[in-house]
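Down below is the structure, laid out as structure tokens.
Each chain gets a letter, A, B and so on, in the order its sequence line appears, and its residues count up from 1.
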Amino acid sequence: MSQHKLLSLAEAVRRYTHDGIQYASGAALPVGSDAIVFGRELLRQGRKNLHAIFHCNTQQLNLLAGAAAVDKAECGFSGLEVFGFANGLRRAVESGQTALEDYSNLAMAARLLGGAMNWPFVPATVNIGSDIQERSAFAPDDYPATRKIPSVTDPFSGRQIGAFSPLKPDVAAIHVSLADPLGNAIMLGTEWSRFELSRAAKKVILVADAIVDTACMRQYPNLVRIPDIIVEAVVYWPFAAWPQSSPGLYDVDEEHMKFMNKALATEQGTADYIRDYVTGYDDIDGYLDLIGRDKAERLANGVTSFLLDPFRQWIKTPEEIAALTSEVAA
Amino acid sequence: MSQHKLLSLAEAVRRYTHDGIQYASGAALPVGSDAIVFGRELLRQGRKNLHAIFHCNTQQLNLLAGAAAVDKAECGFSGLEVFGFANGLRRAVESGQTALEDYSNLAMAARLLGGAMNWPFVPATVNIGSDIQERSAFAPDDYPATRKIPSVTDPFSGRQIGAFSPLKPDVAAIHVSLADPLGNAIMLGTEWSRFELSRAAKKVILVADAIVDTACMRQYPNLVRIPDIIVEAVVYWPFAAWPQSSPGLYDVDEEHMKFMNKALATEQGTADYIRDYVTGYDDIDGYLDLIGRDKAERLANGVTSFLLDPFRQWIKTPEEIAALTSEVAA
Amino acid sequence: MSANATQNLPYTRQEMMAIATGRELRDGELAIFGVGLSMLAGYFAQAHHAPNIRAMTEGGVYGATPVGGLPWGIECNRISANATSFTNAIDALGFLVASGRCDVGIIGAAQVDKFGNVNTTGIWDGEIGDSYRLPKTRLTGAGGANDIACGAGRVVIMVTHEPKRFADKVSYISSPGYLDGGNARERYGFVGKGPSAIITTLGILRPDPLSKEFFLDAYYAFSSVEEILAHTGWDLKVSPNVRVVPEPTPEELATLRRVDETGALRKS
Amino acid sequence: MSANATQNLPYTRQEMMAIATGRELRDGELAIFGVGLSMLAGYFAQAHHAPNIRAMTEGGVYGATPVGGLPWGIECNRISANATSFTNAIDALGFLVASGRCDVGIIGAAQVDKFGNVNTTGIWDGEIGDSYRLPKTRLTGAGGANDIACGAGRVVIMVTHEPKRFADKVSYISSPGYLDGGNARERYGFVGKGPSAIITTLGILRPDPLSKEFFLDAYYAFSSVEEILAHTGWDLKVSPNVRVVPEPTPEELATLRRVDETGALRKS
């Protein structure tokens with residue numbers, strides 16, 4: 001009934017993104033599942049002036065901001081967890097290149113929930129009373145900020161709480177572990193806010209580490225938290241979250257996490273990084289060569305690889321995927 | 001680390017319920033997954049004056065209301081889908097025995113979401129402008145009703161929407177397909193609002209058709225939408241939703257659905273039904289005899305039984321469960 | 001009796017109503033169906049002329065087509081058996097329907113009025129009055145229909161055409177149509193545009209673009225303007241262009257009967 | 001330098017801080033840990049004296065204990081490997097934390113003030129002023145700590161004890177402590193009671209029951225009241241009952257080092 005939606009990464013970026021859009025990452029936290037390769041392709045195609053909606057910073061935002069492609073960002077957390085500050089984003093914020101509007105992690109999730117619900121506002125019992133409410137990077141002279149998290153009166157008790165503005169990003173590139181060619185997706189590991197984001201965004205592109213047959217989805221429909229009916233396109237890209245982790249599929253590449261973040265600390269380092277790791281490959285094969293085939297295999301044999309076991313029987317080979325992809329393009 | 005929480009059905013009802021509580025069904029819609037056997041036990045123990053929070057009516061509410069054990073009910077849908085009107089509930093409402101406060105199905109889910117979030121109110125973009133907003137069975141003289149779904153002003157646009165009151169039931173008996181002894185649970189089929197309910201209710205009792213080893217949960221953590229940390233007790237009861245369905249485990253018992261609903265249409269029929277199908281068994285074996293062993297087997301071999309296949313290897317035998325249960329009771 | 005009028009036809013009035021409803025759905029739309037007739041009409045459309053319709057139920061059951069006969073409910077095994085995704089009520093009714101994302105919903109009615117407001121809550125003797133009193137007959141409540149009526153891009157109402165069901169004003173608005181007409185929906189900011197058609201066992205009613213009062217747009221081969229007026233409890237206006245609905249084609253009928261394999265629509 | 005003070009001790013200052021923090025957690029509590037020190041302190045408590053602690057992370061990772069070393073993040077494979085449940089942010093931070101359901105949370109701070117307000121957003125030269133200007137150093141933002149600070153029953157703040165980190169007033173309140181003191185939290189209706197302790201590399205501060213100003217409650221075997229006062233950027237009051245924190249027992253130290261198998265706490 002439904003049609004295959006497999007699309008090449010380059011074509012997906014070409015077709016669904018343009019300069020100045022509200023672009024959302026479908027990330028599971030700073031070192032986890034994120035479609036980082038989509039950000040690389042945004043840079044390859046020279047996209048700029050992005051308004052980034054990132055529940056949390058990841059190496060994707062770190063890279064995009066470090067490359068001066070982000071004018072505005074909204075975030076709950078702007079670091080890299082154990083890997084410290086995100087140097088690319090930090091440099092962009094400190095220089096004024098990127099205006100970073102702060103929220104908490106629950107706030108970002110609640111704002112996506114509100115966007116998905118199409119509510120005019122979302123009740124806020126957090127972020128109120130702190131400088132998250134009082135300070136706005138998007139309206140720096142409005143202090144205490146009146147439009148960022150305004151007050152609303154609870155009609156039951158008469159007391160005041162806050163109101164978050166809902167988020168409806170133009171495009172979300174959501175990283176998933178497994179997708180079928182129709183656009184049904186399984187996430188392994190925390191969803192973080194990918195469920196809400198997939199409903200809040202105007203257009204959803206899945207970036208999947210592996211493509212499986214739809215029979216997999218019929219066996220595990222409760223795992224399919226993103227159904228095909230809300231998906232525009234499916235991009236197959238193994239190790240799409242590298243150097244971050246994708247539970248069940250591969251571990252964090254500790255070495256490259258540090259290397260990348262160090263590079264992004266300077267303009268020159270960023271330029272070098274882009275030369276080597278953004279424009280330095282032509283296709284999936286070249287990308288896997290960059291990671292290193294041995295390292296990729298080692299990362300794939302991590303402590304969570306058993307999580308993938310029930311699904312391996314349905315994973316399609318690169319050849320099968322290529323055949324389907326060319327069918328769509330035709 | 002965590003301890004087993006297996007409890008007998010009778011003990012769970014004894015320990016966690018009393019007359020007059022706000023009692024929530026953890027149901028997946030009117031003909032699906034619901035802990036109907038928990039309602040039978042409530043009647044066996046003579047619980048009454050219940051305030052029922054049922055996202056939708058099921059045969060459980062139909063039975064409890066038909067047996068005059070429900071003073072107040074809040075519902076999104078009060079029928080039985082293809083099986084028509086719910087005669088027991090209908091009789092209770094028409095006689096004034098049960099005050100039924102109407103909401104829509106989204107409203108009930110949103111109110112549970114609000115209870116789970118501990119928001120003082122939930123934005124309402126539905127139910128406003130209809131008699132659901134204007135008429136209150138709990139405050140019949142308040143017309144148009146001012147406290148049921150009052151207005152709230154969106155601070156961003158200045159326009160008015162509605163505000164739902166959040167729900168925090170005292171106890172929820174939530175039907176799940178599979179639970180481990182610690183209280184981790186997997187639902188097969190639509191969750192309906194069981195996820196939100198499990199966080200909104202003050203106490204959660206799982207009623208599981210089958211008990212599995214915790215290894216099952218570690219293999220499929222993304223399926224475990226109710227984690228043990230919020231669960232008080234786990235009750236094992238096969239065919240707990242009978243005569244309704246539990247996807248993967250058993251089908252709707254069409255014959256008994258009709259028989260039961262017909263019986264509940266009259267006081268006498270209800271008394272007969274209680275005699276035969278509420279107090280007419282002493283234990284799980286007797287209950288399965290009532291269903292009919294042949295029928296039970298037929299119902300278990302329905303069109304969705306393949307959904308259970310990945311999990312069968314971890315299902316514990318009645319003997320293993322009995323051993324664990326007595327361990328807890330000791 | 002109009003029941004007799006179809007005695008010699010190769011299809012029932014219910015089947016005509018289901019096919020007429022199915023014709024309202026377009027390929028590719030995100031569509032939500034309720035249980036029973038609404039679901040048969042929807043899956044008929046998918047099987048016949050809208051293969052890429054994105055069908056959903058309010059239970060958050062996606063990618064399914066019923067197997068083994070008319071589902072007993074929107075969540076039962078007959079519709080769960082071949083789904084690709086199960087989520088929940090917040091997702092289906094909130095994120096996808098109340099949000100305005102769903103293009104079209106099909107709902108039923110116990111009673112409908114000239115502005116397309118739907119009552120599925122109860123039957124009272126006369127008006128309810130200022131105090132909310134017990135209904136003579138308690139019905140099913142709003143279920144998800146209120147959410148569909150508020151949020152879906154457009155709504156198709158299916159209802160058996162009997163005078164008691166077609167009231168000047170419903171006793172209780174369970175699901176809003178155009179309320180008291182005109183732009184009344186704007187007062188509440190509903191993202192959905194309201195009912196686009198009331199499809200009955202006798203014909204098709206549509207709303208006037210300005211007043212939003214429903215008028216008779218079409219009747220069936222077996223019904224007539226006069227019969228419909230006699231079965232409508234308000235002074236139903238008739239379109240000057242009132243037309244006859246095309247009869248089911250053999251393909252339509254064959255497809256519908258494949259979907260309705262247990263013959264639910266042939267029993268009445 | 002105080003670093004020298006621990007040279008002859010069989011544990012580091014970071015280990016003392018982690019153990020002191022772990023002692024704040026009680027068996028059976030629902031507890032949320034952040035990444036790094038906070039997680040080590042939490043899992044130390046679970047492994048040592050609170051076996052039934054119900055540990056969670058803001059990613060909605062439940063039932064896990066880290067394997068293979070300190071997790072790189074609260075969602076990474078080292079903590080995902082043996083979880084029993086994965087949900088999401090709305091669930092973890094909303095349903096379980098902001099709701100007030102979580103008993104205790106452990107958060108870190110770049111800067112903390114005398115009312116327990118935490119800054120993790122940025123460092124400015126002096127006050128920000130009436131217009132929000134660029135920070136000299138951008139930090140990590142609030143993350144989930146603001147949600148924990150608002151909602152968790154009580155909060156334990158872990159911070160390295162340096163003068164620049166202990167300000168009379170933080171430049172930016174990322175996560176609220178007691179705001180300007182007294183009952184200020186009530187203005188916002190926070191369901192959480194606020195920070196119960198600031199546990200540092202030099203000692204333990206606790207809030208005055210009425211004013212909510214933090215005072216020095218205890219110092220470590222290797223630190224002193226004088227050293228702490230010298231490293232605190234406000235006029236820190238000292239409890240008349242100021243006490244010495246018991247040193248780690250051999251069991252505590254052995255347990256902590258099993259949890260901290262990659263030795264993160266021994267590196268500083």
Side-chain angles (χ1 to χ4, degrees), chain A residues 28-33 55-56 75-79 81-83 85-86 89-90 93-96 100 102-110 113 125-132 135-137 140-141 143 159 161 188-196 245 247 251-252 254 257 302-304 307, chain D residues 35-36 57-61 67-68 70-78 80-82 86-90 92-94 97-98 117 119 121-122 128 130-147 149-151 172-176 179 184-185 187-191:
Chain A
L29 289 151
V31 311
S33 220
H55 188 163
C56 281
C75 245
F77 179 76
S78 52
E81 302 192 82
V82 160
F83 298 99
F85 298 114
L89 177 60
R90 185 177 185 169
V93 171
E94 290 170 5
S95 72
L100 174 55
D102 276 292
Y103 288 91
S104 75
N105 282 345
L106 175 57
M108 292 299 287
L113 172 72
T125 59
V126 298
N127 293 17
I128 53 178
S130 70
D131 280 308
I132 294 178
R135 298 287 185 180
S136 170
D141 297 331
Y143 176 72
R159 79 178 175 89
I161 60 166
L188 302 178
T190 170
E191 289 176 5
W192 197 225
S193 59
R194 289 178 286 176
F195 181 70
E196 291 79 13
S245 68
D251 242 317
V252 169
E254 187 175 5
M257 284 294 285
V303 288
T304 60
L307 290 174
Chain D
V35 81
T57 75
E58 61 186 86
V61 175
V67 298
L70 179 66
W72 291 299
I74 56 169
E75 78 286 27
C76 87
N77 286 359
R78 289 177 172 183
S80 298
N82 65 354
F86 295 132
T87 64
N88 52 46
I90 288 283
L93 285 173
V97 172
N117 301 301
N119 174 19
T121 301
I128 297 176
D130 279 354
S131 185
Y132 187 55
R133 58 194 175 83
L134 300 176
K136 187 167 65 94
T137 305
R138 168 71 202 189
L139 305 174
T140 63
N146 180 286
D147 312 315
C150 294
Y172 183 108
I173 300 180
S174 310
S175 301
L179 300 167
R185 286 177 67 92
R187 286 207 301 273
Y188 300 95
F190 295 136
V191 65

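Of the listed residues (A:Gly189, A:Gly302, A:Ser193), the one with the most heavy-atom contacts under 4.5 Å to chain D is A:Gly189. The candidate with the highest count of non-hydrogen atom pairs below 4.5 Å against chain D, out of A:Ala137, A:Ala107, A:Ser33, is A:Ala137. For chain A, the option among D:Lys136, D:Arg185, D:Arg187 with the highest count of heavy-atom pairs below 4.5 Å is D:Lys136. Here D:Gly94 is the residue among D:Gly94, D:Pro176, D:Gly36, D:Ala98 with the most heavy-atom pairs under 4.5 Å with chain A. The candidate from A:Glu254, A:Glu196, A:Arg194, A:Met108 with the greatest count of non-hydrogen atom pairs under 4.5 Å with chain D is A:Glu254. Contact count versus chain A (heavy atoms, under 4.5 Å) is highest, among D:Val61, D:Asn82, D:Ile128, for D:Ile128. Note: A:Ser104 leads A:Cys56, A:Ser104, A:Pro247, A:Ala109 in heavy-atom pairs under 4.5 Å with chain D. Between chain A and the options D:Ala149, D:Ala184, D:Ala92, D:Gly144, heavy-atom pairs under 4.5 Å are most frequent for D:Gly144. Highest contact tally toward chain A, considering only D:Gly141, D:Ala142, D:Gly59, is held by D:Gly59 [criterion: heavy-atom pairs under 4.5 Å]. By number of non-hydrogen pairs under 4.5 angstrom with chain D, the leading residue of A:Val252, A:Asp141, A:Leu89 is A:Val252. Comparing A:Asp131, A:Thr190, A:Val126 by heavy-atom pairs within less than 4.5 Å of chain D, the highest count is held by A:Asp131.
Rounded to the nearest 0.5 angstrom, D:Thr140 OG1 and A:Glu81 CD are separated by 10.0 Å. In this structure, D:Cys76 SG and A:Leu29 CG are separated by 10.5 Å, a value rounded to the nearest 0.5 Å. Atoms CD1 and CH2, from D:Ile74 and A:Trp192 in turn, are 5.0 Å apart once rounded to the nearest 0.5 Å. To the nearest 0.5 angstrom, A:Glu191 atom CD is 11.0 Å from D:Ile90 atom CD1. Put simply, CD on A:Glu94 and CG on D:Leu134 are 9.0 Å apart, with the number rounded to the nearest 0.5 Å. Rounding to the nearest 0.5 Å gives a distance of 7.0 Å between OG of A:Ser130 and CZ of D:Phe190.
With a 4.5 angstrom heavy-atom cutoff, A:Leu307 touches chain D only via side-chain atoms. Within the 4.5 angstrom heavy-atom criterion, only backbone atoms of A:Ser95 (N, CA, C, O) approach chain D. For D:Thr57, no part lies under 4.5 angstrom from a heavy atom of chain A. Only the side chain of A:Asp102 comes within contact range of chain D, with heavy atoms under 4.5 Å apart. For A:Ala28, the part sitting under 4.5 Å from any heavy atom of chain D is the backbone (N, CA, C, O) and nothing else. For A:Leu113, the part sitting under 4.5 Å from any heavy atom of chain D is the side chain, from C-beta outward, and nothing else. D:Ser174 touches chain A through its backbone: at least one of N, CA, C or O sits under 4.5 Å from a heavy atom, while the side chain does not.
Side-chain atoms of A:Ser78 come within 3.5 Å of backbone atoms of D:Leu139 as a donor-acceptor pair (strictly under, hydrogens ignored). The backbone N or O of A:Leu106 sits less than 3.5 Å from a side-chain atom of D:Asp147, completing a donor-acceptor pair. The closest donor-acceptor contact from the side chain of D:Glu75 to the backbone of A:Gly32 lies under 3.5 Å. Looking at D:Asn77, its side chain never comes within 3.5 Å of a backbone N or O of A:Val303 through a donor-acceptor pair.
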Self-check item: Derivation and outcome, side chain to side chain contact (heavy atoms under 4.5 Å, CB included), residues A:Leu188 and D:Phe86
Solution: CA-CA 8 Å; A:Leu188 302 178; D:Phe86 295 132; 5.9 Å; no
Practice problem: Run the numbers on A:Ile132 and D:Tyr172 for side chain to side chain contact (heavy atoms under 4.5 Å, CB included), then give the verdict. | Solution: CA-CA 9 Å; A:Ile132 294 178; D:Tyr172 183 108; 3.9 Å; yes
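Scanning for salt bridge (Lys or Arg N to Asp or Glu O under 4.0 Å) contacts around A:Arg159 gives an empty result, with sequence neighbours left out. Partners of D:Glu58 under the side chain to side chain donor-acceptor pair (under 3.5 Å) rule, at least two apart in sequence or in another chain, are A:Asn105.
When all heavy atoms are compared, the tightest approach of D:Cys150 to A:Asn127 is SG-N, 4.0 Å.
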